[in-house]
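Below, read A as the first sequence line, B as the second, and so on, with proteins coming before strands; counting in each chain starts at 1. No experiment lies behind these values; they were computed from the predicted model shown.
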Amino acid sequence: MDYLSHLNPPQREGVENLEGPTMIIAGAGSGKTRVLTYRIAHLITVKNVDPFSILALTFTNKAAKEMRERIEKIVGTDARNLWMGTFHSVFARILRAEADKLGYPSNFTIYDTEDSKSLIRAIVREMGLDDKVYKQNVVYSRISGAKNNLVSWQNYMNNSVYVSEDEQAQKPKMGAIYKEYVQRCFRSGAMDFDDLLFNTNVLFRDHLDVLNKYQQRFKYVMIDEFQDTNISQYLITKRLSAVHQNICVVGDDAQSIYAFRGANIQNILNFEKDYPDLRVIKLEQNYRSTQNIVNAANSVILKNAAQLKKNVWTQNDDGELVHLIKSTSDNEEGRLVASSIFEDKNNKKLENKDFAILYRTNSQSRAMEEALRKSNIPYRIYGGLSFYQRKEIKDLLAYLRFTINHNDEQSFRRIINLPKRGIGASSVDKIVVSAFENDLGIWDVLQKSQRILPNRAANAVDNFVTLIKSFKIRIARADAYDTAAFIAKQSGLLKELYDDKTIEGLNRYENVQELLNAIKEFVDDEQQEDKSLEAFIADVALLTDADNEDKDSNNDHVNLMTIHSAKGLEFKHVFIVGMEEDLFPSQMMLNSRADLEEERRLFYVALTRAMEKVTLSYALTRYRFGRLKNCEPSRFIEEIDPTYIKVDRKFNRSEPMGNLNNGSGSSVYAKNLVAQRKTERKAVPPGKKLHTPSPDFAPSDTRSLDTGMKVEHPKFGFGEVKKMDVEGANRKATIEFENFGEKTLLLTFAKLRIMEN
DNA sequence: TACGCCATGTTTTTT
DNA sequence: ACATGGCGTA
């Protein structure tokens, strides 16, 4: 096989040794994906293994898709038959096939995080508990943590550790909420993300015939990004590969960055115990980055106590030193990065897509976007609010979901009064409570709504039921696109959005059309055999918009994303912005040594994305919650061996800060920001424009507002800003309007257009 | 029941 | 800065 000649000895060992348990410890940039790709190709072409019996689990859908394409280039269309995908998507597929064994319908709904949290919130209220004590985020992560450790609600309530922890935290009802949540999901015919893994474990534990079937089927099991798997995931694969023992995991403990989600480095250590005859292969030569970048990254990760022994090295040139730039504000940081990109593009003949701007939190994208837009540099934001998480999209999806699964409580709550049908919160509560008390599904209760609801509401519910039934009939006869378009129209959703002529409304309408287009595409896809709505809906909850890219003709843009979503990617130049204490490392990760080490690994991941150049950047002031805050440079900057870093100016950690302009915004920048739309951190819908137009009136960018400025208000007309005030967390502007006199407006709500002066 | 006004909390990361 | 939900009014 000619591809073998491109490999170094350990890489080759990883490709050629196909039998028995194998662990490949792959340092950053060591050609891990290449090894995995060739390994699978080798199985098919040399060992004549049927692709149907190969299971390859990846971290993202995108990674799976890319790998499949690369394999297809070597082995041809056979690659389509591989079982390849994320844990969640592969096991959702298996769970649908075996759902009856668990008492679930095969068309069960998948709840995303938002669905789960809102269900938790509803439960907490119904139980008469304080939702300030039982915060949905806290309860959710507690339940999620338990599920990922395979602790059922029964085990949870009997476990003295959990129970006493909850009592200590003054949250004794946690177990009861967990129980109710699980039962409600079950009755709704719904699984959340963690259930997909938890229930797969239950399936394989309690139905040995099923387990045996899949054990026989999957002769070879491979796991990418093994360092980011949790116990639940690990046990699934351990069970699956128990017969053939052909399990190969690939990972790098230094890049484990998902412990917060239950990922467990311990898995790597346990692996050696579980498979005594394990073959361990280390890929240590880095092909991606320059000498300086590799050395800088190594010097950082060295500060972590918990790690496997590994020596990442490279033969590449020294390259440039890591640059460090300092700005006075987040906006200036954006401008410096933008102009640096502009220069490098000219000087080094680079394209936009060679650059990535990485940050710790999604909210940091705003300043970068503004600066890039002003410099006319095309950019693309990855992650952030997904297309599929937008309200209007979720609304239509809820209709589709409910039509397929009539018991889905969360979808029901979304659509029962959308558009308004006169069914208010009290009616909804009655329906849900009645379902709960009689141990019925939502749909059963809806059929008999006149027993529990007053006439008017009951009639409205009857109409709703008839509507859904008409959708159901359509599903049986038409493909996904026809049905979805029919539902969008008949439900009244499209009309409601169409009638909304505001800019936001137009956008929403377009987004819904975009979803319909996506469904059309799905139907037209020749590789797609099942064109039913059910087939389309099945995996929608597992999609992120990272899966939707690449369709644009214009692919040359600067990449903006969080460090987490940069995992597995590489770029020539990488900017790591917001290198400030409390931001990176995050304030919330300073509580334990383990947390801080995870942040350090995150920094390591960021550094090692770069092929040629890394620029670190920090700002002395930054907006947070709309207020200007002082910042200190991150401790991580000092952790880089100074040999490999070039500081713009003398770097001084406790340098005194400049003048703070607190609250009312800075007039320096004000002049530049004229009636500019607040940055909407929205995902670019598939195949859509990169920039959004400016509306006439949008909630004002309050940072740009200052005394003396002329503004226009949709109701009060023209006026001049007289005074800016801060009261608590709110900022107010006193404005003298030409026709209405002086008004004091809360800037949070004021819709102002700032006139050029 | 629907709607408008405003108080409050949130931002750590994602399948 | 923004979303969310509570509360009062129509």
Side-chain angles (χ1 to χ4, degrees), chain A residues 57-64 85-92 110 112-114 117-118 121 125 131-132 135-137 141 144 148 192-194 196-197 225 228-230 232-233 257-263 358-366 382-386 389 391 417 419-428 454 456-457 460 539 541-544 546-547 561-567 578 582-590 595 598-599 601-602 605-606 623-627 665 678-681 698-703 727-732 745-750:
Chain A
L57 297 162
T58 59
F59 194 73
T60 61
N61 295 311
K62 191 180 163 210
T86 61
F87 273 90
H88 291 86
S89 66
V90 166
F91 293 112
I110 298 174
D112 66 16
T113 313
E114 192 192 332
K117 285 182 181 170
S118 95
R121 196 158 189 280
R125 287 184 182 187
D131 60 7
K132 299 236 165 50
K135 290 185 186 160
Q136 47 175 350
N137 286 328
S141 58
S144 173
N148 285 329
D192 66 17
F193 286 144
D194 304 316
L196 295 174
L197 308 173
E225 309 282 9
D228 288 322
T229 55
N230 58 40
S232 182
Q233 291 167 318
I257 53 176
Y258 281 95
F260 74 93
R261 216 176 77 190
L358 307 183
Y359 34 77
R360 179 68 233 271
T361 70
N362 278 306
S363 61
Q364 287 168 259
S365 69
R366 184 204 50 94
Y382 292 78
L385 192 57
S386 151
Q389 287 171 298
K391 182 185 175 302
N417 204 25
K420 301 270 184 293
R421 300 175 225 281
I423 304 171
S426 64
S427 297
V428 173
R456 228 172 64 187
D539 286 337
L542 301 174
L543 292 181
T544 57
D547 306 322
M561 68 190 85
T562 62
I563 303 169
H564 281 90
S565 38
K567 188 170 80 156
D582 289 352
L583 184 59
F584 190 26
S586 162
Q587 192 177 9
M588 312 188 81
M589 294 294 262
L590 298 177
D595 281 352
E598 173 150 318
E599 291 287 287
R601 290 192 296 270
L602 194 57
V605 168
Y623 280 96
R624 248 189 129 194
F625 299 140
R627 319 294 307 282
K678 71 186 145 66
T679 318
E680 197 176 7
R681 200 190 341 110
S700 37
D701 186 334
T702 54
R703 279 159 298 134
E727 191 183 292
N730 297 317
R731 276 175 294 154
K732 298 176 166 183
L745 301 178
L746 207 54
L747 288 181
T748 325
F749 306 109

Okay, side chain of A/Asn417, backbone of A/Gly422: is any donor-acceptor separation there less than 3.5 Å?
yes
Nucleotide N/O to protein N/O under 3.5 Å, stretch nucleotides 6-10 of chain C:
| unit_1 | atom_1 | unit_2 | atom_2 | d |
| --- | --- | --- | --- | --- |
| C/dG6 | OP1 | A/Arg125 | NH1 | 3.4 |
| C/dG6 | OP1 | A/Arg125 | NH2 | 2.7 |

How long is the line joining CG of A/Asn230 and P of B/dT14, in whole Å?
17 Å
Which whole number of Å gives the distance between the C1' atom of C/dG6 and that of B/dT11?
23 Å
Per nearest nucleotide of DNA chain B, the residue lying toward the 5' end, A/Lys135 or A/Thr562, is A/Lys135
Identify whether a stacking contact exists between A/Phe625 and B/dT10, where the ring centres must be under 5.5 Å apart and the planes under 30° apart.
yes
Value in whole Å for how far the P atom of B/dT13 lies from CD of A/Gln587
14 Å
Roughly how many Å is it from CD1 in A/Ile110 to C1' in B/dT14, rounded to a whole number?
15 Å
Yes or no on side chain to side chain contact (heavy atoms under 4.5 Å, CB included) for A/Leu197 and A/Asn230, after CA distance, side-chain angles and deciding distance?
CA-CA 10 Å; A/Leu197 308 173; A/Asn230 58 40; 4.3 Å; yes
Just how far is it from atom CD of A/Gln233 to atom NE2 of A/His88, taken to the nearest 0.5 Å?
6.0 Å
Looking at A/Leu542, is its backbone amide N or carbonyl O close enough to the side chain of A/Asn61 to form a donor-acceptor pair, meaning the two atoms are under 3.5 Å apart?
yes
Taking salt bridge (charged side-chain N to carboxylate O under 4.0 Å, His left out) as the definition, give me every residue that meets it alongside A/Asp539, ordered by chain and number, with sequence neighbours left out.
none
Could you check whether A/Phe59 gets within reach of a base, just the sugar-phosphate, or nothing at all, counting any heavy atom under 4.0 Å?
sugar-phosphate
Any A/Lys132 side-chain N or O less than 4.0 Å from OP1/OP2 of B/dG9:
no
Could you give me the CA-CA distance, side-chain angles and deciding distance for A/Met561 and A/Leu358, then say whether side chain to side chain contact (heavy atoms under 4.5 Å, CB included) is met?
CA-CA 5 Å; A/Met561 68 190 85; A/Leu358 307 183; 3.7 Å; yes
Kindly indicate, with the supporting measurements, whether the criterion side chain to side chain contact (heavy atoms under 4.5 Å, CB included) is fulfilled by A/Leu583 and A/Gln364.
CA-CA 10 Å; A/Leu583 184 59; A/Gln364 287 168 259; 3.6 Å; yes
Rounded off to whole Å, could you give me the CG-to-P distance for the A/Leu196 and B/dT15 pair?
14 Å
Take the protein atom CG of A/Leu602 and the nucleotide atom C1' of B/dT12, then report the distance between them rounded to whole Å.
9 Å
Out of B/dT12, B/dT10, B/dT15, minimum distance to the side chain of A/Met588 belongs to B/dT12
Rounded to whole angstroms, how far apart are CD on A/Glu114 and P on B/dT15?
15 Å
Taking B/dT13 as the reference, what is the distance to C/dT4 when you measure between their C1' atoms (whole Å, please)?
23 Å
Is there a donor-acceptor contact under 3.5 Å from the side chain of A/Asp228 to the main chain of A/Ile257?
yes
Can you pull every protein N or O that's under 3.5 Å from an N or O on nucleotides 1-3 of chain B?
| unit_1 | atom_1 | unit_2 | atom_2 | d |
| --- | --- | --- | --- | --- |
| B/dT1 | OP1 | A/Ser426 | OG | 3.3 |
| B/dT1 | OP2 | A/Gly424 | N | 2.4 |
| B/dA2 | OP1 | A/Gly422 | N | 3.4 |
| B/dA2 | OP2 | A/Asn417 | ND2 | 3.2 |

Starting the side chain at C-beta, find the nucleotide from B/dT13, B/dT11, B/dT15 nearest to A/Arg360.
B/dT13
Can A/Phe260 be called stacked on B/dT13 when the rule is centres closer than 5.5 Å and an angle between planes below 30°?
yes
Which whole-number value in Å describes the distance from A/Arg601 CZ to B/dT12 C1'?
15 Å
Name the nucleic acid region contacted by A/Lys391, choosing base, sugar-phosphate or nothing; use a 4.0 angstrom heavy-atom cut-off, strictly under.
nothing
Rounded to whole angstrom units, what separation is found between the OH atom of A/Tyr258 and the C1' atom of B/dT15?
8 Å
Would you classify A/Phe584 as touching base, sugar-phosphate or nothing, given that sugar-phosphate means primed atoms plus P, OP1 and OP2, and contacts are heavy atoms under 4.0 Å?
nothing
Salt bridge (charged side-chain N to carboxylate O under 4.0 Å, His left out) filter on A/Lys117, not counting sequence neighbours, yields none
Is A/Thr60 side chain donor-acceptor paired with the B/dT14 base, going by distance under 3.5 Å alone?
no
Taking OP1 and OP2 of B/dT14, is either one under 4.0 Å from a side-chain nitrogen or oxygen of A/Asn362?
yes
Would you tell me if any nitrogen or oxygen in the side chain of A/Ser565 comes within less than 4.0 Å of OP1 or OP2 on B/dT14?
yes
Mind checking what makes salt bridge (charged side-chain N to carboxylate O under 4.0 Å, His left out) contact with A/Asp131, not counting sequence neighbours?
A/Arg121, A/Arg125
Side chain to side chain contact (heavy atoms under 4.5 Å, CB included) against A/Ala457, all qualifying residues, sequence neighbours excluded:
A/Ser427, A/Leu453, A/Pro454
Check whether any side-chain nitrogen or oxygen of A/Asn137 sits under 4.0 Å from OP1 or OP2 of B/dT12, and answer yes or no.
no
